[in-house]
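A short worksheet on the structure shown next.
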Amino acid sequence: MKIAIPLFNERVAPDFSTAPELLVVVSQRGKVSCRWRMQVSQLSSSEKVRKMAALGIDRLICGGIDESSRAWLQRRGIEVIPDAAGQAEEVLSELGEGFSAS
């Protein structure tokens with residue numbers, strides 16, 4: 001499973017469209033196998049959602065997202081979990097399939 005979390009520093013960004021970075025985490029058998037941060041500050045919202053589809057993201061965990069971006073992602077089979085807040089690593093542990101973020 002590939003999970004993406006829009007970041008503002010180390011926290012979940014409050015708004016997907018203005019997030020300067022994405023944390024991408026790949027899990028296998030309940031454990032993190034790979035992770036990276038990706039700069040997306042120069043991308044528009046529509047470019048960000050297309051990038052997520054191209055990366056094969058399965059789940060987006062975010063603070064907030066506009067309805068058109070949310071609908072676009074969901075039509076492509078990407079689960080959107082909005083209203084997340086706090087440190088990205090803590091949110092990932094709580095909502096990311098129950099796997100350990102470390």
Side-chain angles (χ1 to χ4, degrees):
M1 170 171 281
K2 282 187 185 175
I3 298 172
I5 301 178
L7 296 177
F8 184 76
N9 296 319
E10 301 303 317
R11 298 182 64 81
V12 176
D15 182 10
F16 171 78
S17 66
T18 61
E21 283 186 291
L22 283 179
L23 172 63
V24 179
V25 178
V26 180
S27 71
Q28 295 178 332
R29 296 185 194 95
K31 297 194 187 241
V32 173
S33 62
C34 181
R35 68 170 52 228
W36 69 92
R37 290 171 84 132
M38 173 182 295
Q39 292 293 321
V40 293
S41 58
Q42 300 301 316
L43 301 179
S44 68
S45 289
S46 61
E47 291 169 323
K48 286 178 185 175
V49 295
R50 286 193 301 270
K51 174 64 88 177
M52 290 184 45
L55 289 170
I57 299 297
D58 299 300
R59 177 179 292 163
L60 170 67
I61 300 172
C62 61
I65 187 167
D66 63 276
E67 188 54 39
S68 63
S69 294
R70 180 181 182 153
W72 192 95
L73 291 167
Q74 289 177 325
R75 281 193 304 272
R76 281 147 187 88
I78 299 172
E79 179 184 11
V80 178
I81 300 174
D83 302 323
Q87 295 292 321
E89 294 296 337
E90 292 172 9
V91 170
L92 182 62
S93 291
E94 292 171 14
L95 299 175
E97 286 291 291
F99 59 83
S100 170
S102 24

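This one's a predicted model, so the numbers in the text were calculated from it and none came from an experiment.
Residue I5 holds its CD1 atom at 12.5 Å from CZ of R11, rounded to the nearest 0.5 Å. The distance from the CD atom of Q74 to the CD1 atom of I65 is 8.5 Å, given to the nearest 0.5 Å. Within the model, atoms CG of L92 and CG of L23 stand 6.5 Å from one another, a figure rounded to the nearest 0.5 Å. Taken to the nearest 0.5 Å, the NZ atom of K51 stands 13.0 Å off from the OG atom of S46. Note: K2 NZ to R59 CZ = 15.0 Å, rounded to the nearest 0.5 Å. With values rounded to the nearest 0.5 angstrom, M52 atom CE is found 6.5 Å from L22 atom CG.
Between M38 and L55, some side-chain heavy-atom pair lies under the 4.5 Å cut-off. Between L60 and P6, the closest side-chain pair of non-hydrogen atoms falls below 4.5 Å.
Each of F8 and L43 belongs to its own hydrophobic cluster when Ile, Leu, Val, Met, Phe, Trp and Tyr are linked at side-chain heavy-atom distances under 4.5 angstrom.
Remark: the backbone N or O of S17 is paired with a side-chain donor or acceptor of K48 at under 3.5 angstrom.
Between P20 and L7, the shortest heavy-atom distance links the atoms CD-O, 3.1 Å. The nearest pair of heavy atoms linking V12 to A84 is CG1-O, 3.8 Å. Across all their heavy atoms, S45 and D66 have their closest contact at OG-OD1, 4.2 Å. W36 and V26 make their closest contact through CZ3-CG2, 4.0 Å (heavy atoms, listed as atom of the first residue, atom of the second, distance).
By the neighbour-count criterion of 12 heavy atoms within 6.0 Å, atom CD of Q42 is sparsely surrounded, having that number or fewer from other residues, nucleotides or ligands.
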